[in-house]
Amino acid sequence: MSLWNAVLLASVICVAVKAVGYAVPGHWLEAPRPARIADLLTVALLAALVAVQTLGVGQVIVFDARLPAVLVAGGLLAVRAPFLVVVAAAAAVAALLRLWGWAS
């Protein structure tokens with residue numbers, strides 16, 4: 001199977017899943033339990049994405065300048081700093097650590 005066939009198959013599957021989602025009755029999704037599950041899944045998937053992008057390089061876990069940058073960003077978000085300040089501070093931390101030679 002070529003790459004384009006795989007991309008087209010995945011696209012068709014995504015459209016089909018979305019179409020099935022529209023067929024689900026609204027009162028099923030408005031119940032407290034499915035709403036709570038959807039909220040928790042969103043947070044869990046976002047946390048997993050951040051962890052993989054921060055620590056992963058291929059099949060290896062790497063501790064480099066990204067980890068302190070994410071920790072700084074998390075700390076600034078915890079004290080409710082403005083988003084632009086969070087991004088700029090995290091970028092500055094990563095840049096300085098890479099400048100000082102701590103990067104992979």
Side-chain angles (χ1 to χ4, degrees):
M1 175 182 271
S2 74
L3 179 62
W4 284 110
N5 289 340
V7 168
L8 290 173
L9 179 63
S11 300
V12 169
I13 291 171
C14 287
V15 169
V17 168
K18 188 167 185 149
V20 169
Y22 285 118
V24 174
H27 68 276
W28 285 6
L29 301 176
E30 293 170 359
R33 186 177 219 172
R36 179 78 174 142
I37 290 171
D39 289 343
L40 292 176
L41 280 176
T42 303
V43 172
L45 287 172
L46 182 58
L49 177 64
V50 168
V52 167
Q53 291 296 314
T54 300
L55 299 174
V57 174
Q59 297 292 324
V60 181
I61 295 176
V62 176
F63 298 101
D64 61 2
R66 294 176 293 179
L67 183 60
V70 169
L71 292 174
V72 166
L76 288 173
L77 286 172
V79 298
R80 300 195 183 268
F83 185 70
L84 288 177
V85 172
V86 171
V87 172
V93 167
L96 287 173
L97 289 175
R98 289 181 174 148
L99 179 68
W100 295 331
W102 195 38
S104 60

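Bear in mind the structure is a predicted one, so any value in this text is a computation, not a measurement.
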| task | Check whether any side-chain N or O of Arg98 sits under 3.5 Å from a backbone N or O of Ala65 as a donor-acceptor pair, and report yes or no. | result | no

Smallest separation among heavy atoms of [X] and [Y], with atom names:
X	Y	answer
Leu76	Val85	CD1-O, 4.2 Å
Val57	Arg66	CG2-NH2, 3.3 Å
Asp64	Thr54	OD1-O, 4.3 Å
Val72	Ala89	CG1-CB, 4.2 Å

Can [Y] be reached from [X] by stepping across I, L, V, M, F, W or Y side chains whose heavy atoms are under 4.5 Å apart?
X	Y	value
Val70	Val52	no
Val86	Leu96	yes
Phe63	Leu71	yes
Leu67	Val60	no

| said: I'd like to check the side chain to side chain contact (heavy atoms under 4.5 Å, CB included) partners of Val24; sequence neighbours left out, ordered by chain and number. | reply: Trp28, Leu29

| Would you find more than 12 non-hydrogen atoms of other residues, nucleotides or ligands less than 6.0 Å from Ile61 atom CD1? | no

| So does Leu99 have more than 12 non-hydrogen atoms from other groups sitting under 6.0 Å from CG? | yes

Exercise answer: donor-acceptor pairs, residues 30-48 side-chain atoms, under 3.5 Å, sequence neighbours excluded:
residue, atom, partner, partner atom, Å
Thr42, OG1, Ala38, O, 2.8

